[in-house]
Each structure stands twice: as C-alpha cells, then as structure tokens.
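Written below as structure tokens is the structure these notes are about.
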Amino acid sequence: MAHDLLGKNFTPPDVRAKVTGRAQYAEDFRVDGMVFCKLLGSPYPHARVTGVDASAALAMPGVHGVLRAADVTSFPAPQDPILTDEPVYVGQPILAVAADTEELAADALEKIKVSYEELPFTVDPLASLYPGGEEARTNGNVANPGIDLKSYKWAAKDFADAGDGRLPTGAPIREWSFGDVEEGLKRAKLVLDESFVTAGLSHHSMEPRTALAYWQNGKCILHASSQSQSFPVPGVARLIGIEPQDLVFVAEFCGGGFGSKGGAYPIVAVPAHFAKKIGRPVMMRISRSEEYAVGSARSGFQGRIKIGFRADGRVTAIDLYIVQEGGPNTGFNDWLSAADAVSLVYQPPAMRFRGVPVLTNTPPRGPQRGPGQNQIAAAIEPLIDKAARALGVDRVAIRKINAPDDSAKLGAMQGGVTSAHLREALERGAERFGWTSRLARSGKQSGSKVIGIGVGTAFHPAGGNGFDGLVRLARDGKLYIHTGVGNLGTYSHTATSRVAAEVLKMNWDNCVVVRGDSRLHLPWNNGQFGSNTSFTMTRTNFAAATDAVAKLKEIAAKDLGGAPDDYEIGDETVHSRSDPAKKLTYAAAAQRAIELGGKFDGHEVADDLNAMTKASAAGVAGTGLIGVAKDSLPRTGTVPALAAGFIEIELDRETGKFTIVDYLGVADCGTVLHPQGLAHQTKSGAVMGIGLATLERHIFDPQNGLPGVVGLLQAKPPSYLDVPATMATDAVGIADPQNPVGAKGIGEPVQGCAAAALLGAISDALGGHYFNRTPVVTDMIVNAAAGRPPSHKPLQVNTA
Amino acid sequence: MADDNDGRGYPEPRFDIPASRATSRRQFIKGVIASGAAVGSAGYLFTLAGCSREQGGARGIERMLQLKINGQVRTVDVLPHETLAMTLRYKLGLTGTKLGCDRGECGACTVLIDDVAHYSCSTLTHAVRGRAITTIEGVEGPNGELHAVQQAMIDELGPQCGFCTPGQIMSAVALLKANPKPTRDEARHALSGNLCRCGAYDHYLNAVMRAAGSGENVSRA
Amino acid sequence: MSRDMMAAFELYQPDTIKGAVDLLGKFGKDGWAVAGGNDSLDWFKDRIKRPKYVVDLSGIGELRGIRETSDGGVEIGALTTLTEVERSPLIQGRYKVLADAARRVASPQIRNSGTIGGNVSQDARCWYYRYGVNCYRAGGNRCYADTPEGQNREHCLWGADRCVAVSPSDTAPALVAIDAKMVIVGPKGERVVPAEEYFIGPNVDITRMTALEHGDVLTAIRIPAEWSGARFYFEKVADRQTWDFPLVNIAAAMVVSGAAGSEKIDKIRIVAGAVQCVPRRLTAVEAVATGQAKSAETASLAGQSAVRGATPLNYNHFKIPLLQNLVTRAIRDA
C-alpha cells in the first residue's frame, strides 16, 4: 500500500517530556511514607554466608527491617536469584536493609555483621575445563538455558594437543552440523585456522535500575526501569509471588537497557517484597557500582574457527567452536546465536558447530545488543579480511559472494528467511562510501599516521509474531492506539502504532498513543529486544486496525444498507463506494458501536487473545469501537535484519590512537518506518560498536576475583570525542514480503557491522595485522606497531 | 502540619513531611515554592543522627542555606555532606537532574552554576551558596516556552532514552551562552563531559548546531 | 560494594588561608581539605576515606587568580580552576604547555570546578587502591598490583617500591617542565618547594603523593620567567579522548635557536607522567638533547634514551614504546 504516514518523520509524543526534564524515570517518583533500602553485596567472588547479625542495625531508630533470601521468592540454581546466601560473584546482593533515609540505610548496612565461608572461584573458563580446575559453583561449572548445571571437564590431552595459542577442542556440550565439512575444507584453496577471544562487557545502561514499590488494595504498584511494557508483567509478577493482574507495572520511561531490561529481572522484586514485609513504600536506588553488578553484561567467547575459501573468496566450509564465558548463572545463549549468525552471514555449504557454556564468578550475563551475533561479527569479520588479503580478493567482493539473499539458509536446520538483501546493502554502501577510491588510500602514510579502510557486516533475527493489538475509536473521533511496547529510546512505540493509523487512514493529529502503565489497558506485546519490534508490532497494529476497519464496514452496512464490502474508509469516515455521501464519521461509528455492544465495543472478543489483552479489552469495553486481534498473519522462516558498515580511519602508529574520518552504516530492514529513528539507530549502534571493538571489557584479578572495571570511568563507553563528528546512514528499503507494511527490525546488527568495519580498518592500517581479540585497545596497537608481543596470552580472558 | 516527629527537641522546619502522612508530595512542593518556606532535612535522604546541630562558628557551618535556583531563592536545610544533585532531587522536587553514576563520570547530573556547567553530584551544596544555579527545569521560559536548544532537540530528534538529555541540554545552553556560533567541533568538545550510552551524539550535535542557527550539518533525514 | 552515600562529617568554610591552616592543624589526621572536590567526594562516597572534619577551601579568595610576578613570571592561585588556567591569556601566551595540559584533564565540567592545586595534589588511581583494599598505600602491608598476575596495565615503569601506582596528573609534568615552585603554607609558615620535590614516591612516604602534610595548604604555584615563551610540547595518550587519565603523557620545554630547518636545542626540560609514582624528569633525554640539532636523529636518540632501565610489570610494557615515541615526537614536532 502507498503510505501516508509510514516512512515519514514525526515528533514522538514523549520527546517534549525528555527535553524539559518532566519525563519521570523510576527514581523520580516520590510516595508519601517512602523509605529507602540499600543492598549489601558480596565482597567475595564465591562464598557461603554462614551468619548474619543485623541486631545492631535493627536497633537503630528509623531502620525498618532487613530482607533476606528466605523472605523472597526463590528459584532453583543456577537461575539468577533475587537475594542469595551463596553469592557467586563480587557484588551479588545478599540482603537489603530499609530505613527512613538512604544515609541511615547505608549506616545500618555497616552495622550488619556477615560472616562468610570463602569458596573456590574462577574467572577463566579454560582453567575451569581443565582437569582439577576450579568451578564457579559448588555443583558445577557448565549451565545455560536448557542445559542443567553440571561439572564438566576436558581431558589434559585436549589442551596438550592444542598447544599454545589455539583453543583446545574437547568434547562439546552441543554440536550440530550440515554438509560435509571435511570435504569442504579439503577442496578449499585457503584454510584459516584461527583462535580468538571476545571480551565480556557490561551494559551500563545510563539509568541504573532503581525501582519503587508499594502495595494498595492487594495490588503491587511497581515503578521500574524496563525496556518493555507488557512483556515483563507475568515474569515480574512471578518474581513477586503474585498473579499478573495484581501487578501495576509503570515503565513509561526507561533510561536505556540494551537487552538488560527486556524482560523481568530479579532485583526489581526487592522493593516489592520489602514493601510487603514492612508495610511501607520502598525506594531501592541502584548505584552505578550496583548496576555494574546486577545490570547484566555480554557473554565472552574463547573460540576457534576453521574456514575454507575458494580462490574467488567463496566459503566452502566452516568449523566453529565456541567456549562461552557466561557468568555464574544460567546466563544466555550467545554461543548458539553466534553459530546461527555465522551460518547466515556467510552461507557456508557445510558447517559444524560445537560449544561449551562455562560459568565464571563474574557478574551475570544476559542478552546485550546482538548477543552472540555482534561479538562473533567482531571476531570473524577481520578473518574474512585476512582471507581476502591472502587471496587477493576485494573485501567488499568477498562479502558479496558469500552474502545471504532471499534463498538464504540459517542454522542447524538450514531454515529459510523471509527476505535478505545484504548484497544490495554492500553495493549501495560501497558506492555511496566511494569504497574503490578510498581503497587507493589504504595504507597511505603521512608522518606517523596511516590510513585504514574497513567494511563489516552483521545480522540479527528481527521479528516475531503471535502477539495482540488493541485500538479504540472513541466518540471524540480520535483513534487511541494502545501499545504494550516499551520506551527504551527507539520510539518504536509510536513508529509501530502509526501502522494502525495508516490502516485506518487517520490524520495523525487525531491519534493518541496509549502506553507506559499497565493500568491503561494495554495489549499483550512482545518485549523490546531482539530487534523485533518493527516487524512484530507493525503486525499487531495492522491486525487490530484491520479488525476495526471490518467493524466499521459492518456497522455502516447495518445502518446504511447493503453489504460491508460496499463500503470503504477515507477522511476518517466509512462511506459507500458508489455514493460517498452515504457515510458515518468515525465518531458516529464509535457511538453506534457502543449502542450495538457485543464485538463492536469490546464486550466480546476472540478467544485466541492473550489473557492480558482480554482484560485490557474488558477495561475499555463500551467506550468506543474496539479493534482487537491477535496477529495470525503467516510467518515462515527467520526475519533477518542485516547491516553493512564502511569506515575510514587515520591511525597513529606511534601512539596507538586513531580517529574515524568517515563512517557509513547501511541497513537492510525492509520498509523504513521512521527515517529519523533509523538514522538514530544506525549511528548510535555504531557508537556502541566502537566501544565493543576498541574500548570496553571486563577485567578481573584471577588471584582474588576482584573486578578491575566497575564504574563508567573504568568501563570506558565511547564519548563524543571517541566517535566521528558526523556519520552517514542509508537503507536498502526493499519490503519484506511477510510483513504487511514490509518492515523488519534493525536495532542490533547496526552495532556489529560498525565494530567489524572498525576492526578491519585498524588491521588494514597496520598492514594486515590481525589481533583475533576484542577489544583492540591502545596497548595492543602500540605493541603491534612497535613489533612487540601483546601482554596477554593468546586465549587469556578478563585481562588487560 | 508541623509535627515534632523527631522527639529530640530540634526546631522542626515548618513543612517537614512526617513519615506516615497522606499529604500529596506534589502539593507539598507547590506549597513550599509558593510560600518560600524552608525545606527540611528530616526524611528522604539524610539522617539527622550523628550530625552536629549547632549553628555556625566553632562547630562548623550554618545548615540553613539560601539557594538561588532557576531564578528563585529557596531556603533549605542542607547537611554538610549533601551534594547539590541530592538537594535538587530530594529536597526541592527538581528531578529533571539525573543521577547516572554519582561520580562525575557521566554528566547526567549537569547543572549550570553562574552559567557554567558543573556536575551537581560532585558539588557540595554548601559550596555553592549564593551562586545562581540553573537546572533543566529552569531552561524553559516562564510560560513554558521552549529554549532554542530544547526545540532543536525535538526537531532533530536528539534524545533516545532521554536519561542523559537534561545534562546534554545544560551543557549546550552553557556553550551557546558563551559561544553563540560554535563550530561542530567546538560543540562536541563542549559536550564531551556528557556521556550518552545510547550513542545519540550525532543527533545531539545536529540539535546544538540547529539551535545555534548555523544551518551547518543539520540532518537531512 | 554497597557504597554511594557519604558518611556524615562536619564542614568548615574558612575565608582566609590562615583560617584554613589553623583548622587543618587542629584537626590533624581527622581533617581533610577540599578544593573542587572531584577526588575527595569519590573517596567519601565509597566510605573508604572518612574524615570527621572537612575544610572547604573554595571560599578563600586569596587562593584564586592568575597574576604576573615581579620577576616576569606568573603566579597561579591553587584554587584557580583548570578551565581558568586553560583559558588564561597569560598562560596561553607564555606557558602554553600548561594550558595544553590543563585542557586535557578529565572533562569540561570537571575542569570547571577542578583546581590546579587539586590536580597536582590528587591521589593515586591504582584500581586496587581505589577499590579500598588494605594495601601499603592504604596503611596495610601488601601490594595487590605488583603480584604475579596483578592487573597492572596502568602502573609504573620505574620506582617500584612496595607500590607501583603512577602519578596521574596532566598538569604536574608541565609544571615540572617549566620549573614551577609550589608555595605551601603550614603551621610553621610559608615554604616554597620546587615542583620536582613536591611529588614524592613510596620511598619517602608510601601513604601520600605529595609533600603536603597534615595542616599544610598548597596556596599558589609560581612559574619563573625562565621558560616563558619557550618552545613547548604536551601530549597525552589515554584510552578515551575525554575523562580518562593518561596512559603516558609528556611535557617538554625547550629553548631553541637557529633558523628553521637547522634549529639547535639550547636547553630542555622534559617530563613524563604516568610512568612512575612522581612525574619523571627525563634527565637522560635532557643530557642527550642539550646542544644538539633539533632533528629526527636527535629525537630518535632521545626516545631511546628515555626508556633505558624501564622495568615493565605484567601488563604495561606497551608504555615503553609509547614513552619512547612521545619523547621522539616532543623533540621532533615541538
């Protein structure tokens, strides 16, 4: 369909609040009688709490209580607990104390005597896999979603066979393959066998996950920091120990999440439990060092890849092994997603994947922007460059020849995709960037400075289905679009809502986006993660608006005669095709819907809707014409978001510093819904990519488990001066056939492609020196340029 | 409303909120602003316990402070170890200034002191008595007219999650006051003490340049 | 790790130097002087340092301002902010190396409140020490960084002596390069200490970074006329281009004669930061370069001489080529 609204910029309704300081995040709320709680975090990387004496603290006037693990919902290890008596990382919350003031709570914490039994710990997955090596937990060192906690060891011979610098490849926990990998490697002109490391790093969302909770009439009201609005409700309710309908979840504004606040997370339940225990509203202000501890982080990889290439650069086979450093809890499946990503981006005719997810006594891991996909892009893309250099093939050409298109296959099952246009993204970008002419400058020196040119690509699955939409035409003639989409900063809550307006041919000025508070009768939506929103919630809004259109036509036929198909919509009326004067305004139709009741005004809804949507529909029933439906549009195959990045840098060999001269990011995200929003994501993804590639990492002292990178100064997220002053963006813009408006998501691969391009440019500037590690920090560049070895051992993790 | 809930004989400030009162806090703040009355220290963030209560002289500073905030004089009971960020957020109801790190490492707490950008988390409130403090709430005009920087931020879609936005705007306002026609490079240096984890730097700079009216490098999206 | 609320202290705001000195002398080890507060407040929020009495120097007018001295030099009040130093026409005109150094400190907001006195007097940044472990510098009896697997990438190349932390200041090397003098007022009156002697290493007193003792206040920094208008070089290499402390920095002042293309270095002072617990005056480089042509060859020789005797730790050997290169650039590009 031709679009009136989609593809155009708009002023999102929440921007004004953001620029005037009126936007309220969790820590901005105040409730009468509010008390403060503070957390006591473990000083040890692994310990058992053998005793807690809080008597002195509880005796202080104004201290209201102490909350311990036994007071809150618990789950079987190694799920991330709310509070614990067996901490498995430094900073893990053991207990909380509540007091009239935050300072009093801090003073009270100091008076609580905790005794510990120190337990063995590890910050090195390979050491943990070695026979006799320490394990992160008392009953195991390996776990992941779907993989029960257990103790797992390789053989000493596995390590001996690998030698120094190569990842040992002991028995894997998971393995899959397709095609004949051995044959593929045999017939290759070039085989690379490379081991690599990618560092774990903290999300460090700008807003620490402070939460405020209180109870009223049997319900828990929770002001939280959440990327998503509807999606976390059942999970958070479970954490608190209540039914979803008894939770009021307010997440109107969220100061960043990057995957760490996409669903329910345990610490958010502390003030809810505490408020119930002491009968007072409880504000839990999370400090930056606490956000480091509980605010999630990316999994690290120690990996090895064998890739075979034909003379023209076409991949013949891939053999990938990943040992994941997954924190101390169940963690996330980056290692599996990384393998899928490699299978998609390079389309190997044959591939084997093996992996082991190992636990370490470090902060818990969860999804971080392109979890698996982006760090593997940073690791593998430079190796594609290495192969291109060895084969004498152009680096854009080698990516094009391997690029996925509509016939692409993904993963172990070699399933299909809905659409893929990475080749077009590469072509479009190469032309706009001037790839060929810039390449002529590659390696050009002036003084100590040398030019480096780079290109990178990345992928993320970008869409789901099966969620619900809910819209309401009210008697004031306005369209109220109820969205369960959260507000993490992408404005997708409004961009996807505009689909409903588009379908109903509304004037956007007559539309209201209803969001941000579970009391506002919101539908069940997917969470804001996984780059899925632009695909998934355009469908839900399409479904709900389509339902409304059908009802409009039925009402018109009832009142004005004929059949529903005799009618069409336009100018915010439903009117006869043959005689447009025969019409009902939307406002009049809303009134009629209320009079007719039943399905028209939301009193009767389809049975396949989620319980949350049914409750929300019931909440607005009788207030207008209700469009409510589950997205049952077909979806077969994976929806792939793809991106390509192009970069020119000037690197100073004497200091190890570089400046980014130009960057261009090109998205394959189907139809562009919101040009300003897409430009935002492409550029800001690049900023995070610069951090992933060259600045950010965890460091731990292996002798005592102490964390060397905690706060923002130590974590080094990129500043204004670490990124170029301007960046350019573009989009392929080819509609995806499985989305009613042709859209796909995009938020994640725009980071990976930038990280990959930058690493490629650094290696290019250094004449083809490959680090096989992220981040590539100043030390490494200085050493490489000076012909000195790096300080770290090749497979060392969590290290400077 | 004046309850001596402390029981220690210290003269309670007039509009202290006792712990269990049901009065709306917004009404309270409005009342304080309207009456110009003092804001107390009991409750919220800071404890009275262990704090010297004598006024001035040999035992330290006088706790009651006159602060000039957004053009108004506010009288506040400020503890010695209280930071400006905490005073603004927890005693004066000005929650637009954010705490991102409380360590001077992110800039979310940036306010202007005599038109110069400072980290309010790293400023003892007592050290800025008598200085003119401007927060994000004081940037707009008296009738809610947006400052050029604010309008530009909307037009260029500067913010993403919005948490760093007040601090970015304060730094931009300070920049344009001192240097009304900055180059893009000058703007990026001026804002270099403001972190954006979302990475919205490009759009923020577009907004600053637009507000400066230069037409340079404004987005074409 | 549950930190982030300062413990209560009493606050004093004297308005004279004498008032400050009297108070600090009275309070002894229970007292603490605060200038801009950027360094101090972090310690207090972590509750690692917990003074009973804090003396806020920011109201002392005598401690501010930049003025010419009678001998043609410049005196900078210790509480002059880094922004003021950076922008001072006097400093930019005569001692540009100091303006350049001040500009590279931290971030604009920190420079707006941070003072030059605070910048040179700041405490070490070793992450173990800042974490709060009971190391030698904290009064304990071990070092965590100088251990077989200690994560010590930011630590020293020389002068390890039960502590391997480095001098983190950007202005300190510049001040040593221009032979600044530090004016200290204490209980026994005023004394003037050459910048080089202001900074002390662990062999002198492992618990402090400077010559200041309890009751002392750094009141001013006097820069003699000798290096006014000289040829200067300042460069800082750090992980990020804002906020971050130096991995290595270099400050050089030289007097150069001769025509362009055949210049000669008549005299030179060159100082490196972040490679030792004090700003490291590179006397070997000065010896090599004095009287020599200001050429690529001299620069290269100077760089090599700068790193002789460097003893790297586990993770900081990159500082050796980095220092070498910075010295080379200072001579070559100044």
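Sequence lines set the chain letters: A, B, ... in the order given, protein chains first and strands last, and positions in each chain run from 1.
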**Complete:** If one checks every heavy atom of B:I169 against chain A at 4.5 Å, the contacting part turns out to be side chain
**Message:** Tell me which of these, B:G158, B:A187, B:G104, has more heavy-atom pairs under 4.5 Å with chain A than the rest.
**Reply:** B:G158
**Asked** Is it the backbone or the side chain of A:P208 that comes under 4.5 Å from a heavy atom of chain B, or both, or neither?
**Response** side chain
**Request:** Mark yes when over 12 heavy atoms from residues, nucleotides or ligands other than B:K177 sit less than 6.0 Å from its NZ; otherwise mark no.
**Result:** no
**Contact leader toward chain A among B:N194, B:I136, B:L157, where contacts are heavy-atom pairs under 4.5 Å** = B:L157
**Asked** Listed by residue number, which members of residues 687-695 of chain A have a heavy atom under 4.5 Å from any heavy atom of chain B?
**Response** A:V687, A:M688
**Message:** salt bridge (Lys or Arg N to Asp or Glu O under 4.0 Å) for A:K38 and A:D107? Distances and angles first, verdict last.
**Reply:** CA-CA 10 Å; A:K38 286 197 84 64; A:D107 292 344; over 6 Å; no
**Request:** Name the region of A:E291, side chain, backbone, both or neither, that has any atom closer than 4.5 Å to a heavy atom of chain B.
**Result:** neither
**Prompt:** Taking NZ, NE, NH1 and NH2 as the nitrogens, is one of them in B:K91 or B:E82 under 4.0 Å from a carboxylate oxygen of the other?
**Reply:** yes
**Message:** Closer than 4.0 angstrom, basic N to acidic O: yes or no for A:D28 and A:R22?
**Reply:** no
**Request:** Sort B:L94 into side chain, backbone, both or neither according to what part of it lies under 4.5 angstrom from a heavy atom of chain A.
**Result:** neither
**Asked** When you measure from the side chain of A:T659 to the backbone N and O of A:V661, does any donor-acceptor pair fall under 3.5 Å?
**Response** no
**Prompt:** Do NZ/NE/NH1/NH2 and the carboxylate oxygens of A:E27 and B:R89 come within less than 4.0 Å?
**Reply:** yes
**Request:** May I ask you to name which of B:G100, B:C101, B:C106 has the most heavy-atom pairs under 4.5 Å with chain A?
**Result:** B:G100
**Item:** Which atoms of B:R103 approach chain A - backbone, side chain, both or neither, heavy atom under 4.5 Å
**Value:** neither
**Item:** Residue among A:N487, A:V15, A:L713 with most heavy-atom pairs under 4.5 Å to chain B
**Value:** A:L713
**Item:** Set of residues satisfying ring pair (Phe, Tyr, Trp, His ring centres under 6.0 Å) with respect to B:H126, sequence neighbours excluded
**Value:** none
**Message:** Please give me the minimum heavy-atom distance between A:R432 and A:A728, naming the atom from each residue.
**Reply:** NH2-CB, 3.6 Å
**Prompt:** Given that the side chain runs from C-beta out, which part of A:T20 has a heavy atom under 4.5 Å from chain B: side chain, backbone, both or neither?
**Reply:** both
**Prompt:** Highest number of heavy-atom pairs under 4.5 Å with chain B: which of A:M727, A:Q227, A:M206?
**Reply:** A:M206
**Message:** Can you list everything that forms a ring pair (Phe, Tyr, Trp, His ring centres under 6.0 Å) with B:F163? Sequence neighbours excluded, please.
**Reply:** A:Y25
**Message:** Is A:A725 in contact with chain B via its backbone, its side chain, both, or neither, using a 4.5 Å heavy-atom distance?
**Reply:** both
**Message:** Please classify the contact between B:E140 and chain A as side chain, backbone, both or neither, with a heavy-atom cut-off of under 4.5 Å.
**Reply:** side chain
**Request:** Check the pair A:T729 / A:V666 against side-chain contact (heavy atoms from CB on, under 4.5 Å), numbers first and verdict last.
**Result:** CA-CA 6 Å; A:T729 68; A:V666 185; over 6 Å; no
**For chain A, the option from B:A200, B:P159, B:C164, B:G96 that forms the most heavy-atom pairs under 4.5 Å** = B:P159
**Request:** Can you see which heavy atom on B:L124 is nearest to which on B:P80, and at what distance?
**Result:** CD2-O, 3.7 Å
**Portion of B:H189 that has a non-hydrogen atom of chain A nearer than 4.5 angstrom** = both
**Prompt:** Within 45° of the axis and under 6.0 Å from the centre of the six-membered ring of A:Y214, does NZ or CZ of A:R30 qualify?
**Reply:** no
**Asked** Does any pair with a residue in residues 159-170 of chain B pass side-chain hydrogen bond (donor to acceptor under 3.5 Å, both in side chains), and if so which ones, sequence neighbours excluded?
**Response** A:H680-B:Q160, A:Q681-B:Q160, A:S684-B:Q160, A:Y720-B:Q168, B:T165-B:Y204
